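Step one of this worksheet: look at the structure below.
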Amino acid sequence: MNTRSAMSAGARKGEGDPSAPGKLSSGQRKAIVAGTIGNTVEWVDWALYSIFAKVIADEFFPKGDGAVALLSTLAVFAVGFVMRPIGAAVLGAYADRRGRKKGMTLTVALMAGAGFLIAITPSYEQTGVLSPLLLVLARLVQGFSAGGEFGSSSAFLVESAARGRRAFAGSWQQVSVAGGVLIASLLGTLTTSWLSDDALHAWGWRVAFVVGALLGLVGLWLRVSVEDTESFTRTQDSGRTRTNPVKAMFVEHPAATLRVVGITIAGTLTYYIWVNYLPTYANLTTGIPLSTALLSQTLCLIVFVIALPFAGVLSDRLGRKPTMAGFAGGFVVLAWPLLHLLGDSFLSLFLVQLVGMLLILGYSANCAVIMAEQFPAEVRATGIALPYALAVAVFGGTAPYVTTWMHESGHSDMLWIYVSVASLISLAVYLTMPETKDKEFK
């Protein structure tokens, strides 16, 4: 039986059948593996930028004030997020019209190409202003790609699961994102630990980006070889695909669209602070060596990646609302003590990162499935991608900049308020939204 046939049989057996045991077929498992690995290698390139933010600041901006250079680098990081809603609208609609497979193939090609451009871009000392301009161009392309990736890959993974296993399948989207960050963190740990500072600045960080781009080719090959989902092919065969999925999303599903934004606010803010930026932030605020901070991040990410599928299973059993409310409520209560515990020792940073990442499991294991369950198949990729990207652009992309600005302006002790308020907003959404664990999936 080929992959499409196996997926079709699994979908007919599992989707919409209340008595289905929820066992994934071999075709569904293959699809989830292919989707997960492809998404992992794409996010390596995206995460490398924040990991090497301080090195990139030295290479691509004028020498002088290191804080200004770092803020400029983080501003470019935020610029990439400006493109995410545009990529979400264009590539999400493309995936709803042409298929999840074609959408995912395009996003990984764009991400790998932009990562390679960053790797070969000359420094500011060599070409002057052309250097940061090329950096901005590469980040714009990466942001465009990332904007469409979440919707396409989330729809693909959730649609590839039987009804009772949707959160488990969707959790692998975030396993792949965290896996990409983990690989990037490992590359950062190795290069900062094994290379001298001169070697790291001269060529070491570029090697990491080249490795990321080559891994992107692996992801491209995997995505070319996989079949599309049964949900999409049913929609296409029945003529339910929309000419303008973006318009259909806003006009026909306004409440679901707003709900996705609210779902995302706390998740994206805490994720980008704890999972992506905390090593750099700790280095700035406490003076802990970057290599030590990256080692802590790598170890915590290993725990996070292993725990994610189990959190997905818990969501399939208990529901989306209690597991997501546990995440947001936990940060409302613990944001202040966690951030005040942050010190210049490995143990303090490790404990802060680990507790934060364990809380984030409640969001990360659920975000793909809860968003997919808000929309029908004909607008699902767009409905996931666009409101999510808008929220990420505002709250995720600016998080490293805001936290660094707080430190430079002497307000680091107020970061917990930023986290707590965002968590309160999302907690209100989680407690009032309808439970979708047993919702019919079409």
Side-chain angles (χ1 to χ4, degrees), residues 31 35 38-39 42-43 46 80-111 113-114 140-160 170 173 177 219-220 223-224 226-261 263-264 268 367-394 396-397 441-442:
N39 201 40
E42 169 154 353
W43 284 96
W46 180 259
F81 281 84
V82 174
M83 287 298 291
R84 289 185 70 156
I86 299 174
V90 175
L91 297 176
Y94 179 76
D96 279 330
R97 290 195 307 265
R98 303 295 300 275
R100 318 312 187 203
K101 172 184 173 177
K102 290 183 178 180
M104 294 191 304
T105 301
L106 180 57
T107 58
V108 74
L110 290 171
M111 184 69 77
L140 288 174
V141 173
Q142 287 191 321
F144 184 82
S145 170
E149 169 65 21
F150 182 72
S152 300
S153 61
S154 294
F156 178 81
L157 287 168
V158 176
E159 289 175 356
S160 297
Q173 199 282 337
V177 173
L220 181 62
R223 290 182 169 186
V224 167
V226 75
E227 295 288 347
D228 225 320
T229 68
E230 177 69 12
S231 290
F232 173 75
T233 54
R234 276 202 311 264
T235 301
Q236 188 178 52
D237 293 343
S238 64
R240 289 189 290 120
T241 53
R242 301 300 182 88
T243 304
N244 190 342
V246 176
K247 179 180 178 181
M249 178 198 73
F250 281 115
V251 173
E252 300 174 23
H253 308 280
T257 300
L258 289 174
R259 193 176 297 122
V260 169
V261 173
I263 289 169
T264 305
T268 188
C367 61
V369 68
I370 190 66
M371 294 176 195
E373 288 169 344
Q374 305 301 313
F375 301 96
E378 56 266 29
V379 296
R380 184 167 291 136
T382 307
I384 298 171
L386 183 52
Y388 171 82
L390 289 170
V392 169
V394 175
F441 204 54
K442 299 179 180 180

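Computed over heavy atoms, backbone and side chain alike; hydrogens, waters and symmetry mates excluded. The chain is numbered in sequence order, starting from 1. Keep in mind it's a predicted model, so treat the numbers as computed, not measured.
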Looking at [X] and [Y], what are the two nearest heavy atoms and their distance?
{"X": "Lys101", "Y": "Val224", "answer": "NZ-O, 2.9 Å"}
{"X": "Leu390", "Y": "Pro85", "answer": "CD2-CB, 3.6 Å"}
{"X": "Thr233", "Y": "Glu230", "answer": "OG1-O, 2.9 Å"}
{"X": "Ser152", "Y": "Met104", "answer": "CB-CG, 3.7 Å"}
{"X": "Gly170", "Y": "Val158", "answer": "CA-CG2, 3.9 Å"}
{"X": "Gln173", "Y": "Ala368", "answer": "CB-CB, 4.2 Å"}

To the closest 0.5 Å, what do you measure between [atom1] ([X]) and [atom2] ([Y])?
{"X": "Leu110", "Y": "Leu220", "atom1": "CG", "atom2": "CG", "result": "10.5 Å"}
{"X": "Leu91", "Y": "Phe144", "atom1": "CG", "atom2": "CZ", "result": "4.0 Å"}
{"X": "Met249", "Y": "Arg242", "atom1": "CE", "atom2": "CZ", "result": "12.5 Å"}
{"X": "His253", "Y": "Arg259", "atom1": "NE2", "atom2": "CZ", "result": "11.5 Å"}
{"X": "Arg380", "Y": "Gln374", "atom1": "CZ", "atom2": "CD", "result": "10.5 Å"}
{"X": "Ile263", "Y": "Leu258", "atom1": "CD1", "atom2": "CG", "result": "11.0 Å"}

Subject >> side-chain contact (heavy atoms from CB on, under 4.5 Å) evaluation trace for Thr107 with Arg223 >> reply: CA-CA 10 Å; Thr107 58; Arg223 290 182 169 186; 3.4 Å; yes
**OP:** Take Glu159 and Arg234, measure what side-chain contact (heavy atoms from CB on, under 4.5 Å) needs, and give me the verdict at the end.
**Re:** CA-CA 11 Å; Glu159 289 175 356; Arg234 276 202 311 264; over 6 Å; no
Considering only heavy atoms from C-beta outward, does the side chain of [X] approach that of [Y] to under 4.5 Å?
{"X": "Leu106", "Y": "Lys102", "answer": "no"}
{"X": "Glu149", "Y": "Met111", "answer": "no"}
{"X": "Thr264", "Y": "Met371", "answer": "yes"}

**OP:** Evaluate the criterion side chain to side chain donor-acceptor pair (under 3.5 Å) for residue pair Thr235 and Glu378; output intermediate values, then yes/no.
**Re:** CA-CA 6 Å; Thr235 301; Glu378 56 266 29; 4.6 Å; no
Original post:
Can Val379 and Glu252 be said to form a side-chain contact (heavy atoms from CB on, under 4.5 Å), step by step?
Top reply: CA-CA 10 Å; Val379 296; Glu252 300 174 23; 5.9 Å; no
Subject >> Test log, rule side-chain contact (heavy atoms from CB on, under 4.5 Å), inputs Phe375 and Thr382 >> reply: CA-CA 9 Å; Phe375 301 96; Thr382 307; over 6 Å; no
**OP:** Say whether, by atom type as modelled, one donor and one acceptor occur between the side chain of Arg84 and the main chain of Ala389 under 3.5 angstrom.
**Re:**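 Flag not set: sc Arg84 to bb Ala389 has no pair under 3.5 Å.
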**OP:** Apply ring-ring contact (aromatic ring centres under 6.0 Å, His included) to Tyr388 and list each qualifying residue two or more places apart in sequence or on a separate chain.
**Re:** Phe150
